[in-house]
A.B. asks: 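One structure follows; several queries about it will come next.
These numbers were taken from a predicted model, which means no experiment stands behind them.
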Amino acid sequence: MDKPDTTPPPNFIRYIVEEDNRTGKFGGRVITRFPPEPNGYLHIGHAKSICLNFGLAADFGGHCNFRFDDTNPSKEEVEYVESIQADVRWLGFDWGERLYYASDYFEQLYGWAVQLIKDGKAFVCELSPDEIRDYRGTLTEPGRESPWRNRPVEENLDLFERMRAGEFPDGSLTLRAKIDMAAPNINLRDPVMYRIKHDPHHRTGDAWCLYPMYDWAHGQCDSIEGITHSLCTMEYEDHRALYDWYLDQLGLYHPQQIEFARLNLSHTVLSKRRLIQLVQEERVNGWDDPRMPTLAGMRRRGYPPAAIRSFCDRIGVGKRENLVDMALLEYCVREDLNRWAPRVMAVLRPLKVVIENFPEGRVEYLEAVNNPEDPGAGTRPIPFTREIYIEREDFLEDPPKKFYRLAPGREVRLRYAFFLKCHEVIKDPATGEVVELRGTYDPETRGGSAPDGRQVKATLHWVSATLALPAAVRLYDRLFTVPHPSSEAGDFKQYINPHSLEVIDPAWVEPSLAGAAPGSHFQFERLGYFCVDPDSTADRPVFNRTVTLRDAWAKVQQSEKKGKGS
RNA sequence: UGGGGGAUCGUCUAGCGGCAGGACAGCAGACUCUGGAUCUGCUUACCGAGGUUCGAAUCCUCGUCCCCCAGCCA
């Protein structure tokens, strides 16, 4: 129905697929795959690949396989195979029955290796890892052939069989392809196909002590599954020649590999190595810490999956190096949440206001709109009492020109309630800190407008000081202080933002939030979007700030500051 | 200086020989019971030098700069 809106912008991969369909290269089929290694959590960079692969297949009436590239048991764990599937599902994609594992093909791969040996195109090598490196040559000099390169086929076959049987220790032997030690493409200098690892595998258990290298497995896995378009990141461009070589020697079907640039996001890091460090060194509280760029972290932070998908559509797909501004992701998050997140009131840093002409002990219920963007969302009652809390930063005793919130003698509107006028400022005599405001309300302004037509410049959010619920609120900010921590000099961790998490406890939220379910989203009016954290308990909900609202006042303050400074 | 890739607004991206477009960010304004949302307007780009062509971001040549590759990782 709304097809034009959902059609993603054009990109070079789409053109290739369209062209392939025109020429009938794959008979009009479009089969892609998402092939994660279960050695860590998925992050926003994976989301780009997921959206690309699943989206492309869906748009061309094909399908996308889900395949774990589980060829290295020493790094892989079931925890990850589970979290990865949960994350892809959460993102909104469905692979039906098409869940595969590279380990499903171990036997087939082994058979193909035997075939290459018989054809004289692979050999068992006894060089140590150091020696292999040494023999490989350098970027500018050719390598030297392994002394074991011309072993008779029968001997290779025998040794390879015994490698599988477990007769040799880890690292003692490898199976290598016999290609060309002088190839300018280093991937073609007799690459290792199998290494010995007496390591139990999360799926095959101890059936194998011989594991295929990714380069040996990947092309054939794609081929077995009939993948038409095998999308991967740029660093695999050099490997394509090797995948093609294997497929050619084996006489197998060739998928078409297309490389695209991986995503870089500002103010964070997206390499598994660095994310793992953050987790292991406890710079964050686990993989799903809301500051992490992982899907699990973003989910906990409150980023809706639709926002992440929209982001992936907007960033496009290209081949050049890029650094996408976090502001774009935040825009997508706000754009989505704005449409459907219910609005509530919460005060983070309370300043008590006593409304002197409002009777003590009286509670008046006012009607508040749940979502101005969605009339169907209805209204809810909120209690108004003699003592309320307003946000501390909404009052200034000596307001600058552009500040039009509350000040002595000034009148403002309390959202969905009454006009409030401030008469008196009570301070701590010792510190001079404002501790309480005294004022009066105008009963005639119930609901928020004055019968006499007088206007106020500001509307403040508030909660009843007697009826509000205490809650813990976690304010998150960007994890790093610089746009591109991993390209900065020195250890990336020195650029961690020391203020990336601030906990406010207690903050005060309106009573309707009692029992809010973990994972549910709200807009705290004038403050931002918040998501209920799983750490919440019955008597103390915990809210994570997903993202702030766009803040025009903050910008005014900033530009004033800059103006003064220069 | 072996091989592979890439250079378009501040950022991301479109363009496929015919007016360089969009989004985010920024700026200005309108509107507003959220300084939210919405709406309007504005600023800003083809890495460089030659060539082909009536016409070049696009084709050709020569440069420059950036990224990737020397794991028994993926």
A.B. asks: Please work out if A/Arg343 contacts a base, only the sugar-phosphate, or nothing of the nucleic acid, heavy-atom cut-off 4.0 Å.
C.D. replies: base

A.B. asks: Which nucleotide sits closest to the side chain of A/Pro372: B/G36, B/G35, B/C12?
C.D. replies: B/G36

A.B. asks: Could you measure between the two C1' atoms, the one in B/U64 and the one in B/U1, and give it in whole Å?
C.D. replies: 14 Å

A.B. asks: What is the distance from CG of A/Asn322 to C1' of B/G5, rounded to the nearest Å?
C.D. replies: 14 Å

A.B. asks: What is the distance, rounded to the nearest whole Å, between atom CG of A/Asp394 and atom C1' of B/G36?
C.D. replies: 14 Å

A.B. asks: Distance-only, no hydrogens or angles: does the A/Lys48 side chain make a donor-acceptor pair with backbone N or O of A/Ala261 under 3.5 Å?
C.D. replies: yes

A.B. asks: Between A/Phe530 and A/Phe543 (judged by ring centroids, cut-off 6.0 Å), do the two rings come close enough to count as a pair?
C.D. replies: no

A.B. asks: Evaluate the salt bridge (charged side-chain N to carboxylate O under 4.0 Å, His left out) criterion for residues A/Glu37 and A/Lys75: first the C-alpha distance (whole Å), next the side-chain angles of each, then the deciding distance (0.1 Å), finally the verdict.
C.D. replies: CA-CA 9 Å; A/Glu37 184 191 14; A/Lys75 290 189 174 177; over 6 Å; no

A.B. asks: Rounding to the closest angstrom, what is the interatomic distance between B/C9 and B/G15 at atom P?
C.D. replies: 16 Å

A.B. asks: Say we look at B/G29 and B/A20: how far apart would their C1' atoms be, to the nearest angstrom?
C.D. replies: 28 Å

A.B. asks: Has the side chain of A/Glu237 got a donor or acceptor atom sitting under 3.5 Å from an opposite partner on the base of B/G3?
C.D. replies: no

A.B. asks: Mark yes or no for whether A/Glu560, through its side chain, and A/Pro400, through its backbone, hold a donor-acceptor pair below 3.5 Å.
C.D. replies: no

A.B. asks: Donor-acceptor pair, A/Ser310 side chain versus A/Ala306 backbone, under 3.5 Å?
C.D. replies: no

A.B. asks: Nearest to the side chain of A/Lys319 - B/G2, B/G35, B/G5?
C.D. replies: B/G5

A.B. asks: Applying side-chain hydrogen bond (donor to acceptor under 3.5 Å, both in side chains) between A/Glu391 and each of A/His461, A/Arg405, A/Arg349, report the one that passes.
C.D. replies: A/His461

A.B. asks: Starting from P on B/C31, measure out to CD on A/Gln455 and report it in whole angstrom.
C.D. replies: 12 Å

A.B. asks: Base, sugar-phosphate, or nothing: which does A/Phe419 touch, judged by heavy atoms less than 4.0 Å apart?
C.D. replies: nothing

A.B. asks: Let me have a per-nucleotide readout for nucleotides 18-28 of chain B, 5' to 3', with B, S or -, counting only protein heavy atoms under 4.0 Å.
C.D. replies: -----SSSSS-

A.B. asks: Nearest-Å distance, NZ (A/Lys48) to P (B/C12)?
C.D. replies: 11 Å

A.B. asks: Please report the distance separating the P of B/C24 from the corresponding atom of B/C16, rounded so that it comes out in whole Å.
C.D. replies: 24 Å

A.B. asks: Distance between the C1' atoms of B/C69 and B/C73, in whole angstroms?
C.D. replies: 14 Å

A.B. asks: Indicate, with a heavy-atom threshold strictly under 4.0 Å, whether A/Gln523 touches base, sugar-phosphate, or nothing.
C.D. replies: base

A.B. asks: For A/Phe160 together with A/Tyr194, are the ring centres under 6.0 Å from each other?
C.D. replies: yes

A.B. asks: Between A/Arg320 (CZ) and B/G4 (P), how many Å, whole number?
C.D. replies: 22 Å

A.B. asks: Just need the stems in RNA chain B: three or more back-to-back Watson-Crick or G-U pairs, each with both distances under 3.5 angstrom, sorted by first number.
C.D. replies: B:2-7 with B:64-69, B:10-13 with B:21-24, B:26-30 with B:38-42, B:47-51 with B:59-63

A.B. asks: Treat primed atoms plus P, OP1 and OP2 as sugar-phosphate and everything else as base, then score nucleotides 68-74 of chain B 5' to 3': B for base contact with protein heavy atoms under 4.0 Å, S for sugar-phosphate contact only, - for none.
C.D. replies: BBBSBSB

A.B. asks: Is the side chain of A/Asn371 donor-acceptor paired with the backbone N or O of A/Arg339 at a distance under 3.5 Å, no angle test?
C.D. replies: yes

A.B. asks: Please find out if less than 6.0 Å separates the ring center of A/Phe106 from that of A/His201.
C.D. replies: yes

A.B. asks: Please measure how far the P atom in B/G10 lies from the corresponding atom in B/G26, and state the result in whole Å.
C.D. replies: 15 Å

A.B. asks: In whole angstrom, give me the gap between the C1' atoms of B/U43 and B/C47.
C.D. replies: 23 Å

A.B. asks: Could you state the atom-to-atom distance from CD1 of A/Ile258 to P of B/G5 in whole Å?
C.D. replies: 15 Å

A.B. asks: Using the C1' atom as the point on both nucleotides, what is the distance between B/C67 and B/G50, in whole Å?
C.D. replies: 27 Å

A.B. asks: For B/G71, does the glycosidic angle fall within 90° of 0 (syn) or outside that (anti)?
C.D. replies: syn

A.B. asks: Just compare B/G15, B/U34, B/G5 and give me whichever is closest to any side-chain atom of A/Pro10.
C.D. replies: B/G15

A.B. asks: Per the atom types in the model, does the base of B/U34 pair as donor or acceptor with the side chain of A/Arg413 at under 3.5 Å?
C.D. replies: no

A.B. asks: Would you indicate what A/Val456 reaches in the nucleic acid, counting non-hydrogen atoms under 4.0 angstrom: base, sugar-phosphate, or nothing?
C.D. replies: nothing

A.B. asks: Any chance the rings of A/Tyr80 and A/Tyr41 have centres within less than 6.0 Å?
C.D. replies: yes

A.B. asks: Has the side chain of A/Arg189 got a donor or acceptor atom that lies under 3.5 Å from a matching backbone atom of A/Ala183?
C.D. replies: yes

A.B. asks: Between the main-chain N or O of A/Val124 and the side-chain N or O of A/Arg151, is there a donor-acceptor pair closer than 3.5 Å?
C.D. replies: yes

A.B. asks: Please figure out whether A/Glu141 or A/Tyr416 has its closest RNA chain B nucleotide nearer the 5' end.
C.D. replies: A/Glu141

A.B. asks: Check the surroundings of atom NZ in A/Lys421: do more than 12 heavy atoms from other residues, nucleotides or ligands lie under 6.0 Å from it?
C.D. replies: no

A.B. asks: Spell out yes or no: do the side chain of A/Glu373 and the base of B/U38 have one donor N/O and one acceptor N/O closer than 3.5 Å?
C.D. replies: no

A.B. asks: Would you mind reading off the distance between A/Leu414 atom CG and B/U34 atom C1', rounded to a whole angstrom?
C.D. replies: 13 Å

A.B. asks: Looking at A/Met345, is its backbone amide N or carbonyl O close enough to the side chain of A/Glu510 to form a donor-acceptor pair, meaning the two atoms are under 3.5 Å apart?
C.D. replies: yes

A.B. asks: For A/Leu549, report the nucleic acid contact type (base, sugar-phosphate, nothing); a contact means any heavy atom under 4.0 Å.
C.D. replies: base

A.B. asks: Would you mind reading off the distance between A/Arg262 atom CZ and B/G5 atom P, rounded to a whole angstrom?
C.D. replies: 18 Å

A.B. asks: Has the side chain of A/Arg240 got a donor or acceptor that lies under 3.5 Å from a partner of the other kind on the base of B/G4?
C.D. replies: no

